[in-house]
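Remarks on the structure that follows.
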There are 2 protein chains.
Amino acid sequence: MNIGQAAEQAGLPPKTIRYYEDIGLVKPGRDTNGYRAFGDKDIHKLTFLAHARALGFSIEDCRDLLALWEDTQRASADVRRIAQEHLQRIEDKIADLQNMRDTLTTLVRDCAGDDRPDCPILNSLGDPRPA
Amino acid sequence: MNIGQAAEQAGLPPKTIRYYEDIGLVKPGRDTNGYRAFGDKDIHKLTFLAHARALGFSIEDCRDLLALWEDTQRASADVRRIAQEHLQRIEDKIADLQNMRDTLTTLVRDCAGDDRPDCPILNSLGDPRPA
DNA sequence: GATAGGCCTTCCACTCACTGGAAGGTCAAG
DNA sequence: CTTGACCTTCCAGTGAGTGGAAGGCCTATC
């Protein structure tokens, strides 16, 4: 299978797949004309990568998860640990963003948003001890 | 004021302040020895930048907000619009992360996490139509 | 056989917002 | 006079791709 079809199957842009080969996540063969030749296992890996990345796993997490996937003897606990650590990072990030949202919501609510120059948003951002 | 004190006041690393000068966000003067000399207005700007960045505004948003802050005639509506657009991006990001979290929570819950090799997380990630 | 177009290849540069480090100048204390 | 903490500039790297140029290959049509 050429890179175009592989991209379609996996739901990734061809450029991204070349990049994944570059950094050693997949190792497709080559046809005599130099085109990459993707087998079923490559497609599976790319699909795996597309899903894991969509869930926000880092490339290095993906590398670890793929290695565990290829190791039929691995303990599911190893996978679970990576997923749980990632879950914690996501929870933290959500909490951060919710704090930002709350602060911004207050600022936007207090801003008249009209033609007058007075603006609580700018005032607060410039204050050494802001809202 | 030297860059070290300015950094302390504003709550930013010196490296970041130099970077902000590089990209034209602040323009401190120079002492005769070549050291940057930060005035009150520079400190205020840096403080502003630290807060706006902490709220997740992009550098380009910060540039716009600083320009509005320096324009005493600006309408508060302009500021409000930038803040509200940013707020929307934050809301979207929170929703994305919550979806990720929900999917991952399900996967982690279904994974035995013991010595056995069977792992619903890996199975699902490799599935063309995943959880 | 020529040509058009749609693939494919490599390589280089760019993104964003810094961060790290090297090499060297300056300043205050002891 | 030396030590150590500052400061300066410049170069390179981060993560995870994306954009584009220059050129090769493959198929279809004229």
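So that the names make sense, note that chain A is the first sequence line, chain B the second, and so on, each numbered from 1. Below, all heavy atoms of this structure are taken into account, side chains as well, without hydrogens, waters or symmetry copies.
- Scanning for side chain to side chain contact (heavy atoms under 4.5 Å, CB included) contacts around A/Pro13 gives A/Thr16, with sequence neighbours left out.
- Proximity note for A/Arg30 (side chain, C-beta onward) versus C/dT9, D/dT18, C/dA17: the nearest is C/dT9.
- In this structure the side chain of A/Ile82 never reaches within 4.5 angstrom of the side chain of A/Asp78, judged on heavy atoms.
- Proximity of residues 84-101 of chain A to DNA chain C (heavy atom under 4.0 angstrom from any strand atom) is not detected for any residue.
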So which protein N/O to nucleotides 22-25 of chain C N/O distances come out below 3.5 Å?
from, atom 1, to, atom 2, distance (Å)
C/dG25, N2, B/Tyr35, OH, 3.0

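- Rounded to 10 degrees, the angle between the two end axes of the helix from C/dG1-D/dC30 to C/dG30-D/dC1 is 30°, with five pairs used at each end.
- Considering only heavy atoms from C-beta on, A/Leu12 comes within 4.5 Å of A/Tyr20 through its side chain.
- A salt bridge (charged side-chain N to carboxylate O under 4.0 Å, His left out) check over residues 6-17 of chain B, counting only residues at least two apart or in different chains, returns nothing.
- OP1 or OP2 of D/dT9 has at least one side-chain nitrogen or oxygen of B/Arg36 nearer than 4.0 Å.
- Distance from the side chain of A/Arg53 is smallest for D/dA16 among the nucleotides D/dA16, D/dC7, D/dT9.
- Applying the 4.0 Å criterion to OP1 and OP2 of C/dG20, one finds that B/Arg18 has every side-chain N and O outside that range.
- Residue pairs meeting the ring pair (Phe, Tyr, Trp, His ring centres under 6.0 Å) criterion with at least one member in residues 107-127 of chain B: none, sequence neighbours excluded.
- For B/Arg53, there are no salt bridge (charged side-chain N to carboxylate O under 4.0 Å, His left out) partners at least two apart in sequence or on another chain.
- Between the side chains of A/Gln98 and A/Asp102, not a single donor N or O lies within less than 3.5 Å of an accepting N or O.
- If you measure from atom CD1 of A/Ile59 to atom P of D/dT14, you get 14 Å, rounded to the nearest angstrom.
- Judged as a ring pair (Phe, Tyr, Trp, His ring centres under 6.0 Å), the pairs with a partner in residues 81-103 of chain B (not counting sequence neighbours) are, in order, B/Phe57-B/His86.
- Taking atom OH of A/Tyr19 as the reference point, atom C1' of D/dT18 lies 11 Å away to the nearest angstrom.
- Between C/dT19 and B/Thr16, a contact under 4.0 Å exists linking OP1 or OP2 to a side-chain N or O.
- For C/dC16, neither phosphate oxygen OP1 nor OP2 lies less than 4.0 angstrom from any side-chain nitrogen or oxygen of B/Ser58.
- Applying the side-chain hydrogen bond (donor to acceptor under 3.5 Å, both in side chains) test to residues at least two apart or on different chains, the pairs with a partner in residues 61-73 of chain B are B/Lys41-B/Glu70, B/Lys45-B/Glu70, B/Glu60-B/Arg63, B/Asp61-B/Arg89.
- Contact annotation: A/Asn33 does not reach the phosphate of C/dT9 (side-chain N/O to OP1 or OP2, under 4.0 Å).
- Listed by first then second residue, pairs satisfying ring pair (Phe, Tyr, Trp, His ring centres under 6.0 Å) with a partner in residues 87-109 of chain B number zero, not counting sequence neighbours.
- C/dT19 atom C1' lies 14 Å from atom CD1 of B/Ile17, rounded to whole Å.
- Remark: B/Ser76 pairs with A/Cys111, A/Ala112, A/Asp114, A/Cys119 by the side chain to side chain contact (heavy atoms under 4.5 Å, CB included) rule, at least two apart or across chains.
- Partners of B/Arg36 according to the salt bridge (charged side-chain N to carboxylate O under 4.0 Å, His left out) rule, which considers only residues two or more places apart in sequence or in another chain, are B/Glu21.
- Here C/dT26 presents its P atom at 14 Å from CG of B/Asn2, a figure rounded to the nearest Å.
- Across the protein-nucleic acid pair, A/Arg63 atom CZ and D/dG15 atom C1' stand 12 Å apart, rounded to whole Å.
- The distance between atom CD1 of A/Ile23 and atom C1' of D/dT18, rounded to the nearest whole Å, is 14 Å.
- For the pair A/Glu60 CD and D/dG15 P, the interatomic distance rounds to 7 Å; values are reported in whole Å.
- Rounded to whole Å, atom P of C/dT19 lies 13 Å from atom CD1 of B/Ile3.
- A close approach under 4.0 Å does occur between a side-chain nitrogen or oxygen of B/Tyr20 and OP1 or OP2 of C/dC18.
- Using a 4.0 Å heavy-atom cutoff across all strands shown, B/Pro13 reaches sugar-phosphate atoms only and no base atom.
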